[in-house]
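Everything numeric in this text was worked out from a predicted model, so none of it was measured.
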Amino acid sequence: MVVFHIFFIMFVWSYWKTIFSSPANPSREFCLSQSDKEKYEREERQEFQQEILKKAAKDLPVYTMTATKAIRYCDRCQLIKPDRCHHCSACDVCVLKMDHHCPWVNNCVGFSNYKFFLLFLLYSLLYCLFVAGSVLQYFIKFWTNELPDTRAKFHVLFLFFVAAMFFISILSLFSYHCWLVGKNRSTIEAFRAPTFRSGPEKNGFSLGFSKNLREVFGDQKKYWLLPVFTSLGDGCSFTTRLVSGDPELAAATSQNDTAKHTSSTQPFPPRPLSESQNRLLGSDSHWADGSVGDDASQKDARSHVSVLVES
């Protein structure tokens with residue numbers, strides 16, 4: 001009975017946290033300024049609207065874009081969408097690292113409650129398994145006609161089938177989400193790979209199984225099975241896979257260490273990764289186009305190619 005009570009308490013606790021944890025929304029840094037918003041609304045041409053969004057997003061930790069290589073902007077919430085953020089039509093808000101809107105909990109499952117949702121599935125699974133295992137001996141007696149002919153035998157039959165069916169259905173869902181955690185993907189990203197400057201990349205946010213697991217459950221293993229928030233990060237920026245052996249990697253590491261000691265009032269460090277350090281961004285220019293350095297390097301490359309062709 002002690003095990004039964006533990007499973008039941010953890011089940012209710014996880015379910016409660018999944019339901020009543022408000023979906024995390026993007027911070028104010030992703031909202032357009034009043035002047036940019038007025039320019040965006042007055043401009044009817046889409047290419048000029050994109051230029052306004054590019055200038056606004058150049059200092060934000062945003063690496064993903066739409067399938068047409070445009071800035072991901074939510075007209076409903078009037079903000080630039082952070083990586084892995086999506087607008088929920090049911091909640092009518094942009095949700096950080098949105099996984100899906102779950103009707104069973106009447107809430108969006110995302111950055112703020114994804115760990116609680118996984119634990120809810122886990123303890124539901126164990127709870128159904130415990131109930132089915134406890135009733136199994138009476139279920140066997142029912143089929144062998146060893147159970148007394150009372151109304152209780154129908155209760156046993158009903159309880160066993162309900163527990164077994166829920167166990168099978170929850171097992172498939174829990175297994176699928178364990179696979180997603182191991183790959184560091186959301187349900188949305190599993191069906192539609194996020195698009196970077198180099199194109200769609202389904203493993204764009206995967207850092208290896210161990211790091212992917214810690215990103216959801218945190219660094220301290222003693223809290224992994226408790227429905228308390230321990231996920232890493234802020235939900236607005238995510239680490240992407242780096243180019244191995246990049247000569248600028250050491251410089252980037254030192255810059256990141258320096259950024260950690262900056263004032264806590266600064267919401268985001270200025271672009272922690274350079275273009276060459278991120279395989280997903282390719283070798284193209286940054287969000288802000290037409291810099292002098294990039295134009296000069298492109299002219300040098302063209303002249304170098306023409307010399308090779310003439311020779």
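- The closest side-chain heavy-atom distance from Arg185 to Asn203 is below 4.5 Å.
- Within 6.0 Å of OH on Tyr223 lie no more than 12 heavy atoms contributed by other residues, nucleotides or ligands.
- Heavy-atom minimum distance, Cys236 versus Pro82: O-CB, 3.4 Å.
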Give the table of side-chain donor-acceptor pairs shorter than 3.5 Å for residues 123-142, with sequence neighbours excluded, one pair per line with atom names and distance.
{"unit_1": "Tyr123", "atom_1": "OH", "unit_2": "Leu225", "atom_2": "O", "d": "2.6"}
{"unit_1": "Ser124", "atom_1": "OG", "unit_2": "Phe120", "atom_2": "O", "d": "2.6"}
{"unit_1": "Ser134", "atom_1": "OG", "unit_2": "Phe130", "atom_2": "O", "d": "2.8"}

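- With values rounded to the nearest 0.5 angstrom, Lys183 atom NZ is found 13.0 Å from Leu207 atom CG.
- The CZ atom of Arg72 sits 6.5 Å away from the SG atom of Cys85 when rounded to the nearest 0.5 Å.
- With a 6.0 Å radius and a threshold of 12 heavy atoms from other residues, nucleotides or ligands, Glu47 has its CD atom above the threshold.
- Residues Ile19 and Asn107 have side chains not in contact (no heavy-atom distance under 4.5 Å, counting atoms from C-beta outward).
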Can you list the steps and then say if Thr187 with Met98 is a side chain to side chain contact (heavy atoms under 4.5 Å, CB included)? CA-CA 8 Å; Thr187 301; Met98 180 178 174; over 6 Å; no
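- Remark: the backbone N or O of Pro194 is not paired with any side-chain donor or acceptor of Arg84 at under 3.5 angstrom.
- No more than 12 heavy atoms of other residues, nucleotides or ligands lie within 6.0 Å of CZ in Phe209, so this atom counts as exposed by the packing criterion.
- Side-chain atoms of Lys211 and Leu232, non-hydrogen and from C-beta on, never get closer than 4.5 Å to each other.
- In this structure the side chain of Thr195 reaches within 4.5 angstrom of the side chain of Lys69, judged on heavy atoms.
- The two atoms that bring Ser14 and Thr18 nearest to each other are O-OG1, 2.7 Å, heavy atoms only.
- The hydrophobic cluster containing Phe167 also contains Leu118, counting ILVMFWY residues as joined when their side-chain heavy atoms lie under 4.5 angstrom apart, directly or transitively.
- Pro23 places none of its side-chain heavy atoms less than 4.5 Å from the side chain of Cys88.
- Contact record, Leu226 with Lys222: CD1-O, 4.2 Å, taken as the closest heavy-atom pair.
- Counting heavy atoms from C-beta outward, Met10 and Leu119 have side chains that stay 4.5 Å or more apart.
- Sorted by first and then second residue, the ring-ring contact (aromatic ring centres under 6.0 Å, His included) pairs with a member in residues 77-104 read His100-Phe117, His100-His177; sequence neighbours excluded.
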Using side chain to side chain contact (heavy atoms under 4.5 Å, CB included), reason through Tyr114 and Leu180 one step at a time and then give a plain yes or no. CA-CA 11 Å; Tyr114 187 59; Leu180 290 178; 4.2 Å; yes
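- A pairwise comparison of heavy atoms in Ser169 and Ser172 identifies O-OG, 2.6 Å as the closest pair.
- Here the CG-SG distance, from Leu122 to Cys178, works out to 8.0 Å after rounding to the nearest 0.5 Å.
- We find the CZ-SG distance between Phe30 and Cys94 to be 11.0 Å, quoted to the nearest 0.5 Å.
- Checked against Thr230 for a side-chain hydrogen bond (donor to acceptor under 3.5 Å, both in side chains), the options Gln220, Lys115, Lys221 give a single hit: Lys115.
- Placement of Phe7 and Tyr15 within a single hydrophobic cluster is found when ILVMFWY residues are connected by side-chain heavy-atom separations under 4.5 Å, directly or transitively.
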With side chain to side chain contact (heavy atoms under 4.5 Å, CB included) as the test, would you mind laying out the steps for Leu53 and Gln50 before giving the verdict? CA-CA 5 Å; Leu53 296 179; Gln50 280 298 307; 3.7 Å; yes
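- Distance check, rounded to the nearest 0.5 Å: CD of Glu29 to CD1 of Ile80 gives 11.5 Å.
- Side-chain contact check for Glu215 versus Lys97: some heavy-atom pair is nearer than 4.5 Å.
- Ser112 places a side-chain N or O within 3.5 Å of a backbone atom of Ser22 that can act as its donor or acceptor partner.
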If you apply the rule side chain to side chain contact (heavy atoms under 4.5 Å, CB included), what do you find for Tyr73 with Gln49, and how did you get there? CA-CA 10 Å; Tyr73 181 75; Gln49 287 181 336; over 6 Å; no
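- Hydrophobic clustering of Ile, Leu, Val, Met, Phe, Trp and Tyr side chains at less than 4.5 Å, counting indirect connections, keeps Val95 apart from Phe191.
- Note: the hydrophobic cluster containing Phe111 does not contain Val216 (ILVMFWY, side chain heavy atoms under 4.5 Å, direct or indirect links).
- Heavy atoms from other residues, nucleotides or ligands lying under 6.0 Å from CZ of Phe8 number 12 at most.
- When atom types are taken as modelled, the side chain of Asn113 and the backbone of Gly110 share a donor-acceptor pair closer than 3.5 angstrom.
- The shortest distance between side-chain heavy atoms of Pro26 and Leu96 falls below 4.5 Å.
- Once rounded to the nearest 0.5 Å, the distance linking OG of Ser175 with CD1 of Ile170 reads 11.5 Å.
- Counting non-hydrogen atoms of other residues, nucleotides and ligands closer than 6.0 Å to NZ of Lys39 gives a total of 12 or fewer.
- By the rule that hydrophobic residues join a cluster once side-chain heavy atoms approach within less than 4.5 Å of another member, Phe116 and Trp13 end up as members of separate clusters.
- Side chain to side chain, Asn212 and Ser206 meet the donor-acceptor criterion of an N or O pair below 3.5 Å.
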Going through the checks in order, is the side chain to side chain donor-acceptor pair (under 3.5 Å) test met by Thr64 and Asp83? CA-CA 6 Å; Thr64 57; Asp83 293 341; 2.7 Å; yes
